[in-house]
Amino acid sequence: QVQLVESGGGLVQAGGSLRLSCVASGKIFSIGDMGWYRQAPGKQREFVATIASGGFTHYADSVKGRFTISRDNAKNRVYLQMNSLKPDDTGVYYCKVLNWYLEVWGQGTLVTVSS
């Protein structure tokens, strides 16, 4: 009953930046933690970043210092600012939201970083 839609993916050169956005809609009871995951071709989905309702953040070591996660509770949105992008950052990025006790995933948005 809650849907997530990601946007902002695309093509970018190494060293460039992208800003991903994910908006939640539907029957929202209480949005808790929000996060981003990614999946490169031939690899398992991996954790990227998470942000709690109070603003506490956690990042994967591979993106620490380059990516910034943020949220807008009034708009039910979570963002991922990606700077100094590397070819290894290429993959499909998924947002995940905890709605009350329910875990909801988006459909994913493709990020391609060229060398």
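- Linking Ile, Leu, Val, Met, Phe, Trp and Tyr whenever their side-chain heavy atoms come within less than 4.5 Å leaves Tyr94 and Ile51 in two separate clusters.
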Atom pairs and distances, side-chain donor-acceptor, residues 17-33, under 3.5 Å, sequence neighbours left out:
unit_1, atom_1, unit_2, atom_2, d
Ser17, OG, Asn83, OD1, 2.9
Ser21, OG, Arg77, NH1, 3.0

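- Hydrophobic clustering places Val104 together with Trp36 (ILVMFWY residues linked when any side-chain heavy atoms are closer than 4.5 Å, directly or through intermediates).
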* side chain to side chain contact (heavy atoms under 4.5 Å, CB included) between Asp89 and Val111, worked out -> CA-CA 8 Å; Asp89 295 320; Val111 172; 5.5 Å; no

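- Here the CG-CD distance, from Leu85 to Gln13, works out to 11.5 Å after rounding to the nearest 0.5 Å.
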* Evaluate the side chain to side chain contact (heavy atoms under 4.5 Å, CB included) criterion for residues Lys96 and Tyr37: first the C-alpha distance (whole Å), next the side-chain angles of each, then the deciding distance (0.1 Å), finally the verdict. => CA-CA 8 Å; Lys96 185 184 75 174; Tyr37 294 72; 2.9 Å; yes

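- Applying the side chain to side chain donor-acceptor pair (under 3.5 Å) rule to pairs touching residues 43-57 yields Arg38-Glu46, sequence neighbours excluded.
- Every residue meeting the salt bridge (charged side-chain N to carboxylate O under 4.0 Å, His left out) condition with Lys64, not counting sequence neighbours, appears here in chain and number order: Asp61.
- Pairs passing the ring-ring contact (aromatic ring centres under 6.0 Å, His included) check and including a residue from residues 57-77, sequence neighbours excluded, read Phe47-His58.
- When side chains are defined from C-beta on, Val2 does not count as touching Val97, because their heavy atoms never get closer than 4.5 Å.
- For Tyr79, the ring-ring contact (aromatic ring centres under 6.0 Å, His included) test picks out no residue, with sequence neighbours left out.
- Cys95 and Val78 make their closest contact through CB-CG1, 4.4 Å (heavy atoms, listed as atom of the first residue, atom of the second, distance).
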* Asked: Do Arg66 and Met82 pass the side chain to side chain contact (heavy atoms under 4.5 Å, CB included) test, and can you show the C-alpha distance, the side-chain angles, and the key distance before you say yes or no?
  -> CA-CA 6 Å; Arg66 299 187 297 118; Met82 306 185 294; over 6 Å; no

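- Remark: the backbone N or O of Thr112 is not paired with any side-chain donor or acceptor of Thr90 at under 3.5 angstrom.
- In this structure Trp100 satisfies the side chain to side chain donor-acceptor pair (under 3.5 Å) test with no other residue, sequence neighbours excluded.
- Closest of all the heavy-atom pairs between Ala14 and Ser115 is CB-CA, 4.4 Å.
- Both Val12 and Leu80 are part of a single hydrophobic cluster, where members link through side-chain heavy atoms under 4.5 Å apart.
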